[in-house]
Amino acid sequence: MPLKIYNSLTRNKEVFTALTQGYVGMYVCGPTVSGESHLGHARPYITFDVVYRYLKHVGYQVRYVRNITDAGHFEEEGRAAEDKISTKAVVEKLEPMELVQKYTNLFHWAMKQFNNIEPTIEPTATGHIVEQITMIQKIIADGYAYVVNGSVYFDVNKYNTDFSKQGLPYGILSGRNLEEQLDTTRILDNQEEKRNKADFALWKNAPPEHIMRWQSPWGEGFPGWHIECSAMATKYLGTQFDIHGGGMDLQFPHHECEIAQSTVCNHTAPVRYWMHNNMITINGRKMGKSYNNVIKLTELFTGNHPLLKQAYHPMTIRFFILQSHYRSTLDFGNEALQASEKALKRLWEAYKNLQKIVVDKWDATDMALDEKINKQIAEFTEFIEDDFSTAKVLANMFEIVPIINSIKNKQLPLHTLSSNTILLMQQQFQLFIENILGLQYQEDNNDTIDGVLQLLIDIRKEAKAKKDFVTSDKIRNELAQLGIQLKDEKDGTVSWSFS
RNA sequence: GGUCCUGUGGCCGAGUGGUUAGGCAGAGCUCUGCAAAAGCUUCCACACCAGUUCGAAUCUGGUCGGGACCUCCA
C-alpha cells in the first residue's frame with residue numbers, strides 16, 4: 001500500500017517516492033512574524049505536522065524545514081516601498097527585532113499547544129541575507145534579472161520564453177499562462193521600474209525611513225518577497241527536494257516565483273510534490289487579514305472574541321481540522337467546534353478504556369464482527385495513505401467506539417472479539433490517535449485529586465445506600481459545577497472525568 | 001474581466017456510478033432512586049433543469065448561488 005499524495009503541480013494523486021531512498025526533504029512556508037497567528041494559520045502547520053509524523057512513522061528520515069519570515073515584506077507591490085514590520089514597530093514603540101521575537105515566541109507557544117512537532121530546521125529570513133544575495137547575483141549573471149535604481153527584478157518574460165522550451169513555463173504550478181497574466185494583472189502604481197508587469201522584485205532599494213536594511217552589491221536594501229524560501233530551501237534541502245507545502249493562497253505568485261528563481265539558479269525544478277492546504281472560512285469567506293475576519297489563536301483559546309461562544313481547547317481545534325480533508329475548505333462555527341469538542345472527548349475516553357482491557361488469549365465468538373473490525377482497522381492505513389484522509393480515519397474510529405464502550409459496559413462479552421483483534425485495536429488506536437494524528441487530551445489528574453475524588457465517591461455511595469439522595473446529589477451536582485463529571489458505570493463502580 | 005474551485009440533512013463534514021460515511025444536535029427506548037455517561041433504534045440530504053446509463057450525490061451540458069487566486073496573505 002503505497003502513499004499517494006495529491007500533487008498540485010500535476011493536479012493528480014501520485015504515488016510518493018523519495019528522491020533519495022529512506023530520506024525525505026520537506027519545506028513548508030512558515031509564518032510572517034509581524035503579528036499574531038490566527039485560526040487560518042493553524043491549518044497548514046497541523047496538516048503538515050501529520051504529514052511529517054506519518055513519513056517518520058513509515059521509516060523515513062525527514063528533514064522538515066519551516067522558515068520564519070522576519071524580514072519585512074512589502075505591503076503591496078508597487079506601493080511606496082514600506083516595510084510591514086518596521087511600520088508596525090513604530091506604532092507599537094518596539095524595535096523591529098523585538099517585535100519579531102515576541103511573535104516568534106507566541107507562534108512557538110501556539111505550535112506547542114497544538115502538539116505539533118518542531119521542524120528539524122527553522123531558518124529565519126534575516127539569518128540568510130547572504131544566501132539570498134548570492135542567489136540573486138546568480139540570477140543576474142544568468143541574465144534573468146536586471147538592476148534598476150538599486151533594486152533587482154526578475155525578468156519573467158525571458159524566463160518564460162527560455163524555460164517553456166524545457167517544459168517549465170512560468171505559471172506551471174498555478175495553471176496560468178503569462179500572456180493572459182499580462183492582460184489581466186491589475187494596474188498598480190509605481191511600476192515604472194519594471195520592464196514588465198509580471199516581473200517581481202528580488203531585492204528592493206531601501207528608502208531612508210526603512211529600518212530593516214542590509215548592505216548589498218546594489219546598495220542598501222532588503223530582500224524581495226519570494227527569494228528567502230528559494231534560498232533557504234536550496235541551502236538545507238538541496239537543488240531538488242521531495243515535498244513543498246503551504247496554503248493554497250501561496251500557490252500564486254509566491255510558489256510560482258520560487259520555482260522560477262530556483263530553476264534559474266539550480267538548473268532544475270526544485271520540488272517534486274507540491275502540497276497545498278485549503279483555507280479556513282468563516283461564513284463561507286476566507287479568514288484573512290484583508291477581510292478583517294480573523295480570530296487569533298489566543299482569542300480562540302480564551303474565548304475572548306465576539307464571535308466565540310466559549311473558549312476552545314487547542315486539541316479541539318486540531319481535531320476540528322483533522323475531521324475534514326486538508327484540500328477542502330473548512331468553515332468555522334461555534335456549533336462545529338462544540339461538536340468537535342464533544343467528539344474528541346468521546347473518542348478519547350473510549351480509547352483510554354480500550355487500553356485498559358487486559359488481554360490474554362482467546363478466539364472471537366462473533367467472527368463477522370471480528371472481521372469487520374479488522375477491516376476497519378486496516379483501513380486506517382489505507383485512508384492515511386490516500387492523500388492523508390484523516391477524516392476517514394476518524395470516521396472509522398467512531399464506528400468502533402460503540403463496540404469498545406459496549407465491551408467495557410459488558411453489554412458485549414469480552415470474548416466477542418478475539419484477543420488478537422483487541423491487541424490490534426489497542427496498538428493501532430494508539431499509533432493513529434497519538435503518534436500520527438498527534439491528538440492529546442488534558443489529563444491533569446494526579447494522585448492527590450484522584451484520592452480526594454475517591455473519597456467523595458465513597459461518601460456518595462454510602463449516602464445512596466442509605467437513600468440519602470440529598471447528599472449524594474449534592475456531591476454529584478457540585479462536582480459537576482466544578483467541571484468534574486461522575487459516571488455511574490454498569491458494574492456499579494464510579495469513574496470521573498473533567499467535563 | 002481572466003483562471004480555477006465549489007454548492008451534501010438543523011450545524012460541520014466524508015463521499016472513488018449500484019450497499020449506513022462520521023461527528024454534533026433532535027426523537028424514542030434500555031440502564032438509573034432521578035440524572036449524567038454509555039448502549040440500542042430513529043428522523044432529516046445530495047442547489048435547480050436537461051442528458052448519458054439498467055442505475056448518478058458521484059459523469060456531461062445548461063441555469064442559479066458561494067468562494068479562491070490574479071495584490072501581502074496559511
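Just so we're on the same page: letters track the sequence lines, and every chain starts at 1. Keep in mind the model is a prediction, meaning the values are calculated, not measured.
Among the atoms of the strands shown, none is found under 4.0 Å from any heavy atom of A:Gly333. Looking at heavy-atom distances under 4.0 Å, A:Phe383 makes no contact with the nucleic acid at all. Across all strands shown, A:Asn477 has no heavy atoms under 4.0 Å from either base or sugar-phosphate atoms. Within 4.0 Å of A:Met397, counting heavy atoms only, lies no atom of the nucleic acid at all. Nucleic acid contact for A:Met279: base, since at least one base atom lies under 4.0 Å from a heavy atom of the residue.
Using a 4.5 Å heavy-atom threshold, the side chains of A:Met275 and A:Thr47 count as separate.
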Scan nucleotides 25-38 of chain B nucleotide by nucleotide, 5' to 3', and note B when protein non-hydrogen atoms come under 4.0 Å of the base, S if they reach only the sugar-phosphate, - if neither. S-----S-BBBBBB

Scan nucleotides 13-20 of chain B nucleotide by nucleotide, 5' to 3', and note B when protein non-hydrogen atoms come under 4.0 Å of the base, S if they reach only the sugar-phosphate, - if neither. SSS-----

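Remark: A:Arg213 engages A:Glu220 in a salt bridge (Lys or Arg N to Asp or Glu O under 4.0 Å) (not counting sequence neighbours). Under the side chain to side chain donor-acceptor pair (under 3.5 Å) criterion, A:Asn160 pairs with A:Ser164, not counting sequence neighbours. Applying the ring-ring contact (aromatic ring centres under 6.0 Å, His included) test to A:Phe469 and every residue at least two apart in sequence or in another chain returns nothing. Partners of A:Glu489 according to the salt bridge (Lys or Arg N to Asp or Glu O under 4.0 Å) rule, which considers only residues two or more places apart in sequence or in another chain, are A:Lys408. Here A:Tyr312 pairs with A:Asn334 under the side chain to side chain donor-acceptor pair (under 3.5 Å) rule; sequence neighbours left out. Not a single salt bridge (Lys or Arg N to Asp or Glu O under 4.0 Å) links A:Lys309 to another residue, sequence neighbours left out. Under the side chain to side chain donor-acceptor pair (under 3.5 Å) criterion, A:Arg346 pairs with no residue at all, not counting sequence neighbours. Partners of A:Glu462 by salt bridge (Lys or Arg N to Asp or Glu O under 4.0 Å), not counting sequence neighbours: none found. The side chain to side chain donor-acceptor pair (under 3.5 Å) test applied to A:Gln310 returns A:Gln338, A:Glu341, not counting sequence neighbours.
In the region residues 3-11 of chain A, proximity to RNA chain B at under 4.0 angstrom, judged on heavy atoms, holds for none of the residues.
Between A:Ser8 and A:Gln251, the side chains place no donor N or O within less than 3.5 Å of an acceptor N or O (distance only, hydrogens not considered).
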